[in-house]
Amino acid sequence: MASKSAWRSLHHSAKRRNVLSTAPYRCFSCSLRSAQNPPGRPDDSSRMTHFGFETIPEGEKESKVGAVFSSVASSYDTMNDLMSLGIHRLWKDHFVRSLNPGSPLASRSGDASSKGWNILDIAGGSGDIAFRLLDHATNINNDRETRVTVADINADMLSEGRKRSIDTPYYNTKRLSFMVANAQHMPSVPDNSVDLYTVSFGIRNFTDKQAALHEAYRVLKPGGVFACLEFSKVDNTLLNEVYKRWSFGAIPLIGQVVAGDRASYQYLVESIERFPSQEEFKEMIRTAGFMIPGRGFENLSLGIAAIHKGVKPVDA
Ligand SMILES: C[S@@+](CC[C@H](N)C(=O)[O-])C[C@H]1O[C@@H](n2cnc3c(N)ncnc32)[C@H](O)[C@@H]1O
């Protein structure tokens, strides 16, 4: 008899080719996909959304985004360096430093007995943020208890992450795990169980961003922190002009030359353009129930990217 993992991979390749419609046992990733319309939610089949500059039925977005990331998975890290001229590394380092993972939890949750942080890195893809979070906890805070679950809807991106983790001290330890999950509905993550929820360059791809923010609120402990690093709106006219020429002119072309895939990179730049402004996104975080610390966001490189944070109230 085929092992569960062998069956699962056969099942998924069959699903991709549309030749299998029913699962003989509960398949985690597929059940999550179908869980987009949980009981009680209206059928979304007639609702429209954006896929880059295209308007498409909501029900089609996940598979289209899935195809983009399956296509770019193997070249994703190289492309990130080329597209951002390496700057994404500085943004990610700064993001993680600003969160200070592994520092004493007592200061914000009042739970002096807590050891280590339970971190959920959503849309974690190839592990860039997870490895940095664990390095920071270990090397800066001397904390060897903090653990990160990298969750992503795309098994191909997670498999790149798993491969990369082999070169880290966290490989095959309880500090690092990978999970196929849809940020909009994560039934396997209990309420009030997470200290820090991170999402880096992921949320603009979600079909229902507000639903994902509500789900972040649900899984975070009271006092827990939501933190998002995402492309945003440039607040300087001249830089904005240069940036748009670079992103629309060069990035799809680099995608074609390096990864043999122009269309996926065209989608990625269009999705940046479609993402709400800093102020609009801050209001979405507030709507999900979070308290907004200070100004609520920090612009990086004049707003090319921004860090947004929200805190779940301690008395929630
Ligand atoms: C641009 S990558 C970001 C990867 C990584 N966080 C980083 O900063 O390099 C975006 C990721 O979002 C994932 N994603 C898209 N929609 C998702 C959803 N609804 N739930 C979870 N992950 C999703 C994609 O599969 C992809 O791995």
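For ligands, and for the atoms within them, numbers begin at 1 and follow the listed sequence.
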Report the part of F201 (side chain from C-beta onward, or backbone N, CA, C, O) that has a heavy atom under 4.0 Å from ligand 1; answer both or neither where that applies.
both
[X]-[Y] side chain donor-acceptor pair, cut-off 3.5 Å:
X	Y	result
Y265	D261	no
T207	E58	no
Y267	N205	yes

Heavy atom of the protein closest to [atom] (residue, atom name, distance):
atom	result
atom 22 (N) of ligand 1	I153 N, 3.3 Å
atom 20 (N) of ligand 1	A183 N, 3.0 Å
atom 27 (O) of ligand 1	D152 OD2, 2.6 Å
atom 8 (O) of ligand 1	S200 OG, 2.6 Å

Can you tell which of F206, F69, Y76, W91 gets a heavy atom nearest to atom 16 (N) of ligand 1?
F206
Element-labelled atoms of ligand 1 that are located less than 4.0 Å from some non-hydrogen atom of [X]:
X	result
N182	18 (C), 19 (N), 20 (N)
G125	27 (O)
A123	3 (C), 4 (C), 5 (C), 6 (N), 11 (C), 12 (O), 13 (C), 22 (N)
M157	27 (O)
K92	7 (C), 8 (O), 9 (O)

Sub-4.5 Å side-chain heavy-atom contact between L120 and M186
yes
Are V68 and F53 grouped together when hydrophobic residues (ILVMFWY) are joined by side-chain heavy atoms under 4.5 angstrom apart?
yes
What distance separates R204 CZ from E273 CD, expressed to the nearest 0.5 Å?
11.5 Å
Is it the case that the ring center of Y170 lies less than 6.0 angstrom away from the ring center of F131?
no
Cation over ring, K61 on F51, under 6.0 Å and within 45°?
no
Is it true that [X] lies under 4.0 Å from ligand 1, counting heavy atoms only?
X	result
A181	yes
E62	no
I122	no

Identify which one of R162, K163, R164 satisfies the salt bridge (charged side-chain N to carboxylate O under 4.0 Å, His left out) criterion when paired with E160.
K163
